[in-house]
Amino acid sequence: MSTDQNKFQAIISHCKEYGFVFPSSEIYDGLSAVYDYGQYGSELKKNIKDYWWKSMTQLHENIVGIDAAIFMHPTTWKASGHVDNFSDPMIDNKDSKKRYRVDHLIEAYAETLPEAEGNAVLARMDELLKENDFAGLKTLIEEKKISCTVSGTSNWTDVRQFNLMFSTQLGSVTDEASEIYLRPETAQGIFVNFLNVQKTGRMKVPFGIAQIGKAFRNEIVARQFIFRMREFEQMEMQFFVRPGTQKEWYEKWKEERMQWHLSLGTDPSKYRFKDHVKLAHYADAAVDIEFDFPIGFKEVEGIHSRTDFDLKQHQEYSKKKLQYFDTEINQNYVPYVIETSIGLDRMFLLTICNAYEEQDLSTPEKEDSRVVMKFPAKLAPIKLAVFPLTKKDGLPEVARLLVDSCKPYFHCFYEEKDAIGRRYRRQDAIGTPFCVTVDHQTKEDGTVTIRYRDTMEQERVPLTEVKNIVLSKIM
Ligand code: GAP
């Protein structure tokens, strides 16, 4: 199976070197599977969030957003099934004591095989997972002589289930009753507010509630940089529909979410759908949108037909009615739900991987190269960099005036140090789509040189046009 570990490692180094992503609390040697976003990373992340939020809420009259708390009443997680079901089959290596998620262990092994053979192993694993056949999974691991990366042995325990929720205590008294969980998905904050939003917003089914927020999972095998983290962010939308129409809405959201991804200009061949083999306890249909990362095709987003499971469960546990009166058919019912759930950090990683390009620009006379982040202009952390050619002759003042006139509209960057070529390269590395140089000619005829990141082409344009040129590409 074709993966490009070297490229992935180069991307991770680039993220650190250019202020996108740092290991958490690095001065203390970091914290496993926890990361911090740096000055450019947090801008990029915010731009992705805004793009999703706008497309969900502003562009859909029947979808509104909320911001629910991370802590929720502990019964929420009993009702949702997470206390009893939110677990993964794990296996421990008896020699190294290292614990693996069974599917990850087998997937990593399958990646080392020729494609057809790897696919056969994965198909067998999917079948066993679907049947919850833990003994069969262990047999598969033993049969294939899959070994632990630390001890190198195949001395395995039985396969067991481990819950992935983090728990903590509310208040100062430590007893069982005060135990609460850090939410493992944002969706439940939407379900418990379903009637609040429907009533106060006078929403009519079909309608949606969107939310962006942190989620926490005690992932046992957290690896591959920010792909699988213990603290991460989700962008979720629950769409409430009339029972019986869920199939139609599921297909519609599947298509709409794929179009959202493609609207960022990504090559469609880098995306694919993958139906779930083993459905979560709440779903009657589910599909992943997968992206071709350098580490292979992996899930970025899930679209789930969650039936009326969650609302019915909350109704039962809270003893409060969570029903909707549909005036068109004169009926009370618990709506069915289609969920779209995308990991913000995974979308960030996708955007970084898709943008990263190493280019050899050597000529017979000179060796040259650059790393360029070809972000869609609307997602780029910095939109415009402005450089005075020299630090004198009044050029910095003109450049500063340009920055001042543009910065209320988009993020600008001003720099006067080093040769222009080196300044361009630094902006390429953080993905700035437009660089403008103010030179002596600017003072004579009011024009500047604008340089385009992807083509490296340059042209002279009126200084007064710069703001509109940038705005036209980022709106
Ligand atoms: N509410 C449904 C739900 O949470 P999920 O498939 O478990 O479904 C949805 O998660 C998305 O959240 C995934 O497609 C992925 O992008 C992201 N995600 C899940 N676990 C993650 C983790 N440990 N680190 C980063 N992102 C994660």
Side-chain angles (χ1 to χ4, degrees), residues 3-53 70 104 166 182 186 212-219 221-235 261 264 266 270 290-301 341-358 370-383 385 411 413 425-433 453:
T3 61
D4 191 343
Q5 276 298 343
N6 289 345
K7 182 173 178 194
F8 198 54
Q9 285 311 318
I11 289 171
I12 296 172
S13 305
H14 190 85
C15 279
K16 172 137 190 265
E17 194 180 337
Y18 286 93
F20 286 96
V21 182
F22 307 124
S24 160
S25 33
E26 196 187 7
I27 57 167
Y28 296 105
D29 296 333
L31 183 64
S32 167
V34 186
Y35 289 89
D36 298 337
Y37 288 85
Q39 65 278 27
Y40 298 124
S42 52
E43 284 293 333
L44 174 61
K45 195 174 172 196
K46 185 178 175 304
N47 294 341
I48 296 172
K49 247 192 248 195
D50 290 347
Y51 188 62
W52 182 88
W53 187 257
I70 287 171
H104 293 169
F166 283 101
L182 270 67
T186 61
I212 300 178
K214 290 267 186 182
F216 303 83
R217 296 182 188 178
N218 198 1
E219 299 281 2
V221 185
R223 57 188 175 143
Q224 291 160 335
F225 191 39
I226 57 171
F227 183 80
R228 194 174 307 284
M229 300 199 285
R230 298 203 162 100
E231 173 182 341
F232 58 99
E233 251 176 289
Q234 290 184 315
M235 306 192 285
H261 284 272
L264 287 165
T266 312
K270 292 192 153 189
E290 292 191 336
F291 178 78
D292 191 7
F293 290 94
I295 46 175
F297 267 101
K298 303 265 177 211
E299 171 189 352
V300 186
E301 170 158 10
S341 174
I342 174 169
L344 174 55
D345 311 86
R346 281 207 195 157
M347 188 59 206
F348 178 99
L349 184 60
L350 180 160
T351 308
I352 290 270
C353 291
N354 201 35
Y356 182 90
E357 219 172 280
E358 291 170 10
R370 69 167 181 164
V371 171
V372 54
M373 301 299 284
K374 291 187 167 175
F375 295 129
K378 50 171 80 93
L379 298 187
I382 306 283
K383 313 294 187 205
H411 214 124
F413 185 90
R425 288 290 187 275
R426 282 199 289 269
Q427 294 306 311
D428 288 343
I430 59 166
T432 305
R453 176 197 66 199

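Positions are given from 1 along the sequence.
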Open item on the list: Using the ring pair (Phe, Tyr, Trp, His ring centres under 6.0 Å) criterion, which residues pair with Phe291? Sequence neighbours excluded.
Closed with: Tyr271, Phe293
TODO: Kindly write out the residues that satisfy ring pair (Phe, Tyr, Trp, His ring centres under 6.0 Å) with Phe216, not counting sequence neighbours, or none if the list is empty.
DONE: none
Which residues pass the salt bridge (charged side-chain N to carboxylate O under 4.0 Å, His left out) test with [X], not counting sequence neighbours?
{"X": "Glu43", "value": "none"}
{"X": "Asp50", "value": "Lys46"}
{"X": "Lys214", "value": "Glu231"}
{"X": "Glu299", "value": "none"}

Side chains of [X] and [Y], heavy atoms from C-beta outward: is any pair under 4.5 Å?
{"X": "Phe348", "Y": "Val21", "value": "yes"}
{"X": "Met235", "Y": "Ile48", "value": "yes"}
{"X": "Asn354", "Y": "Phe375", "value": "no"}
{"X": "Trp52", "Y": "Ile342", "value": "yes"}
{"X": "Glu357", "Y": "Arg370", "value": "no"}

Open item on the list: I'd like to check the side-chain hydrogen bond (donor to acceptor under 3.5 Å, both in side chains) partners of Glu301; sequence neighbours left out, ordered by chain and number.
Closed with: Arg257, His261
Open item on the list: Holding to side-chain hydrogen bond (donor to acceptor under 3.5 Å, both in side chains), I want the full list of residues that pass it with Arg425, two or more places apart in sequence or in another chain.
Closed with: Asp368
According to side chain to side chain contact (heavy atoms under 4.5 Å, CB included), who are the partners of [X], at least two apart in sequence or on a separate chain?
{"X": "Asn218", "answer": "Phe166, Arg230"}
{"X": "Asp345", "answer": "Tyr37, Lys45, Met229, Phe232, Glu233"}
{"X": "Glu358", "answer": "Ala10, Tyr356, Val371"}

Result block: side-chain N/O donor-acceptor pairs under 3.5 angstrom for residues 11-20, not counting sequence neighbours:
| from | atom 1 | to | atom 2 | distance (Å) |
| --- | --- | --- | --- | --- |
| Ser13 | OG | Gln9 | O | 3.0 |
| His14 | NE2 | Ala429 | O | 2.8 |
| Lys16 | NZ | Glu26 | OE2 | 2.9 |

How close do [X] and [Y] get, heavy atom to heavy atom, and via which atoms?
{"X": "Phe297", "Y": "Lys270", "value": "CE2-O, 3.4 Å"}
{"X": "Gly431", "Y": "Arg453", "value": "O-NH1, 2.7 Å"}
{"X": "Lys7", "Y": "Cys353", "value": "NZ-O, 4.0 Å"}

Would you give the length of the straight line joining atom [atom1] of [X] to atom [atom2] of [Y], rounded to the nearest 0.5 angstrom?
{"X": "Ile226", "Y": "Asp36", "atom1": "CD1", "atom2": "CG", "result": "11.5 Å"}
{"X": "Ile295", "Y": "Gln5", "atom1": "CD1", "atom2": "CD", "result": "7.0 Å"}
{"X": "Ile430", "Y": "Gln39", "atom1": "CD1", "atom2": "CD", "result": "8.5 Å"}
{"X": "Thr351", "Y": "Asn47", "atom1": "OG1", "atom2": "CG", "result": "10.0 Å"}
{"X": "Phe413", "Y": "Lys383", "atom1": "CZ", "atom2": "NZ", "result": "15.0 Å"}
{"X": "Leu350", "Y": "Asp292", "atom1": "CG", "atom2": "CG", "result": "10.0 Å"}

Task: Polar side-chain atom of Gln234 near backbone of Thr186 as donor-acceptor pair, under 3.5 Å - done: yes
